Number of protein chains: 2
Amino acid sequence: MNQDAEDVDGTDEDAVQQAREEVIQALERSAEVYGLNQSYGRLYGILFFENEPLSLDGLVEESGYAKSTVSTAMQKMNRLHLVHRRSVPGEGKKVFYEAETDFWHVIQKFLQHEVRREIDVMTRALDSAAERLEDADGEQADAYLERVESLRTMYDRSERLLGILTSSSIERLTGLLDRLQRD
Amino acid sequence: MNQDAEDVDGTDEDAVQQAREEVIQALERSAEVYGLNQSYGRLYGILFFENEPLSLDGLVEESGYAKSTVSTAMQKMNRLHLVHRRSVPGEGKKVFYEAETDFWHVIQKFLQHEVRREIDVMTRALDSAAERLEDADGEQADAYLERVESLRTMYDRSERLLGILTSSSIERLTGLLDRLQRD
DNA sequence: CATCATATTCGGTGTATTCCGAATGTTCTG
DNA sequence: CAGAACATTCGGAATACACCGAATATGATG
């Protein structure tokens, strides 16, 4: 195929955008695996391929979603630490977003916020339930107490594990786990 | 407070059921944290406090949900390895369920099915995109390729980590991580 | 402090999900 | 193989959610 420079550029441009779209679609699917909306995957993907922070209007333009949709989606992704808000000097109050590319960091934040809270709530419930059951008599009470305590033990372990996971870099962890595997 | 045996029994029974209900409600909340429906938390909780496998009708009776609701919920929880189906000898084809109490096992199964598939799909997309981008020219193509490769690197690391996590018992992992922390 | 640019929130609409009761399958048993 | 005892699937109603466009709030700037 002989094509002049102009034609080649056009073809390449298509291929480049197709490659980008392919990855973005995979990200849409991944988002759903982890219980997030498809649209989050796309918005994240758009940011991922951008080399500078992108404004809300930029995201609206590239995604085709309404501004209100993008605004709320970015708020939620920001809470999940999947994206960061940045202010750009000289651009007034305009907000810019960039993608967090370190997924381990995202997971750590999820662990130390959502999971931590879940563990706290459950732990309080288990303590309270155990107290009631200790005061009560009967085999039912004993049987329930045993279960509650075993769950309590499990949550205690989880809590310790959580502490370790949220305070170690991924390099340290993978290094350690590699050693583990070789044992 | 002087109460005779009858009264004390009644009060204890109340307290015992209240303790159980308290934990079940915490489980309902936990289910929602991890993107599952409240009803799953309750059904799981009912099983958790049962000392023998419980039939579908038993779950219907204890939960108050319709049988169809319980049936589909249990199928889904079974897929997630949160509960197990058991057949009880002499009970014909009746299905019985019991709760899986080892949460690490549940997580491992999730990793080796859902996450593994997610990684595979993404990896294929990244390979295909990289191929297209290598064939193309221009700074856009170069910039995109760099991002695609970095994501690819991240997924490669995740894949190795996944292999380690899905093949180690929680005891081994916590033991190792405890050592890590002391370093 | 008024105006402009921008982000957020609100109310409505269409779509997906949850749950129900009824209908249908499926498997064991006489 | 007929019927009983189940589980599963189906269709529909109520509810929750995503998305939109319009209205409102917030912050920057002259």
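Keep in mind that what you see is a predicted model, and the values were worked out from it rather than measured. Convention: sequence-line order gives letters A, B, ...; per-chain numbering from 1.
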*Asks:* Where along residues 52-65 of chain B does a heavy atom fall under 4.0 Å from DNA chain D?
*Replies:*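 Heavy-atom cutoff 4.0 Å gives B:Leu56, B:Asp57.
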*Asks:* Donor-acceptor pair, A:His113 side chain versus A:Leu111 backbone, under 3.5 Å?
*Replies:*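 Absent.
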*Asks:* How about A:Ser55 and A:Asp57: does a side-chain donor come under 3.5 Å of a side-chain acceptor?
*Replies:*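 No - no donor-acceptor pair under 3.5 Å links their side chains.
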*Asks:* Does either side chain, that of B:Thr166 or that of B:Gln108, offer a donor lying less than 3.5 Å from an acceptor on the other one?
*Replies:*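 No - no donor-acceptor pair under 3.5 Å links their side chains.
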*Asks:* Quick one: B:Lys67 NZ to C:dC20 P, roughly how many Å, whole number?
*Replies:*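 Rounding to the nearest Å, NZ of B:Lys67 and P of C:dC20 are 14 Å apart.
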*Asks:* On the nucleotide C:dT8, are OP1 or OP2 found under 4.0 Å from the side-chain N or O atoms that A:Ser71 carries?
*Replies:*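 For A:Ser71, the contact criterion (side-chain N or O under 4.0 Å from OP1 or OP2 of C:dT8) is met.
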*Asks:* For A:Phe49, which residues count as a ring pair (Phe, Tyr, Trp, His ring centres under 6.0 Å) partner, sequence neighbours excluded?
*Replies:*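 Expected list: B:Tyr144.
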*Asks:* Taking ring pair (Phe, Tyr, Trp, His ring centres under 6.0 Å) as the definition, give me every residue that meets it alongside A:His105, ordered by chain and number, with sequence neighbours left out.
*Replies:*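 Partners of A:His105 under the ring pair (Phe, Tyr, Trp, His ring centres under 6.0 Å) test: none.
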*Asks:* With a strict under 4.0 Å distance from non-hydrogen atoms of chain A, what nucleotide opens and what nucleotide closes the contacted stretch of DNA chain D, reading 5' to 3'?
*Replies:*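 Listed 5' to 3', the contact boundaries are D:dA18 to D:dA28.
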*Asks:* Below the 4.0 Å mark, does C:dC20 have OP1 or OP2 next to a side-chain nitrogen or oxygen of B:Thr69?
*Replies:*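 True: B:Thr69 side-chain N/O within range (under 4.0 Å) of C:dC20 OP1/OP2.
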*Asks:* Would you confirm whether A:Ser168, through its side chain, and A:Ile164, through its main-chain N or O, come within 3.5 Å as a donor-acceptor pair?
*Replies:*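 Yes; at least one donor-acceptor contact below 3.5 Å.
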*Asks:* Report yes if at least one side-chain N or O of A:Lys94 is closer than 4.0 Å to OP1 or OP2 of C:dA7; otherwise report no.
*Replies:*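 A:Lys94 to C:dA7 OP1/OP2: no side-chain N or O under 4.0 Å.
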*Asks:* Any sub-3.5 Å donor-acceptor pair from A:Tyr44's side-chain atoms to A:Glu100's backbone N or O?
*Replies:*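 A pair under 3.5 Å: yes.
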*Asks:* Which letter, B, S or -, goes with each nucleotide of nucleotides 24-30 of chain C from 5' to 3', with contact meaning a protein heavy atom under 4.0 Å?
*Replies:* -BBSS--
*Asks:* Can a donor-acceptor pair be found between the side chains of B:Glu21 and B:Gln25 at a distance below 3.5 Å?
*Replies:*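 B:Gln25 and B:Glu21 do have a side-chain donor-acceptor pair below 3.5 Å.
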*Asks:* Any side-chain donor-acceptor pair under 3.5 Å between A:Glu22 and B:Ser128?
*Replies:*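 Yes, because at least one side-chain N or O of A:Glu22 sits under 3.5 Å from a partner of the opposite role on B:Ser128.
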*Asks:* Looking at B:Glu114, I'd like to know if its CD atom is crowded, meaning that more than 12 non-hydrogen atoms belonging to other residues, nucleotides or ligands lie closer than 6.0 Å.
*Replies:*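 Counting other residues, nucleotides and ligands, CD of B:Glu114 exceeds 12 neighbours.
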*Asks:* Whether the side chain of B:Ser71 engages the backbone of B:Lys67 through a donor-acceptor N/O pair (distance < 3.5 Å, no angle test) should be reported.
*Replies:*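 Here the side-chain-to-backbone pair does not exist.
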*Asks:* Are a donor atom and an acceptor atom from the side chains of B:Glu28 and B:Tyr40 found within less than 3.5 Å of each other?
*Replies:*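 No, no side-chain donor-acceptor contact under 3.5 Å.
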*Asks:* Does A:Glu50 offer a backbone N or O that forms a donor-acceptor pair with the side chain of B:Arg147 under 3.5 Å?
*Replies:*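 Side chain of B:Arg147 to backbone of A:Glu50, a donor-acceptor pair under 3.5 Å: yes, one is there.
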*Asks:* Can a side chain N or O of A:Gln75 be found less than 4.0 Å away from OP1 or OP2 on C:dA7?
*Replies:*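 Checking C:dA7 against A:Gln75, no side-chain N or O comes under 4.0 Å of OP1 or OP2.
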*Asks:* Can you list, by residue number, the residues of residues 24-48 of chain A that have a non-hydrogen atom closer than 4.0 angstrom to DNA chain D?
*Replies:*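 Heavy-atom cutoff 4.0 Å gives A:Asn37, A:Ser39.
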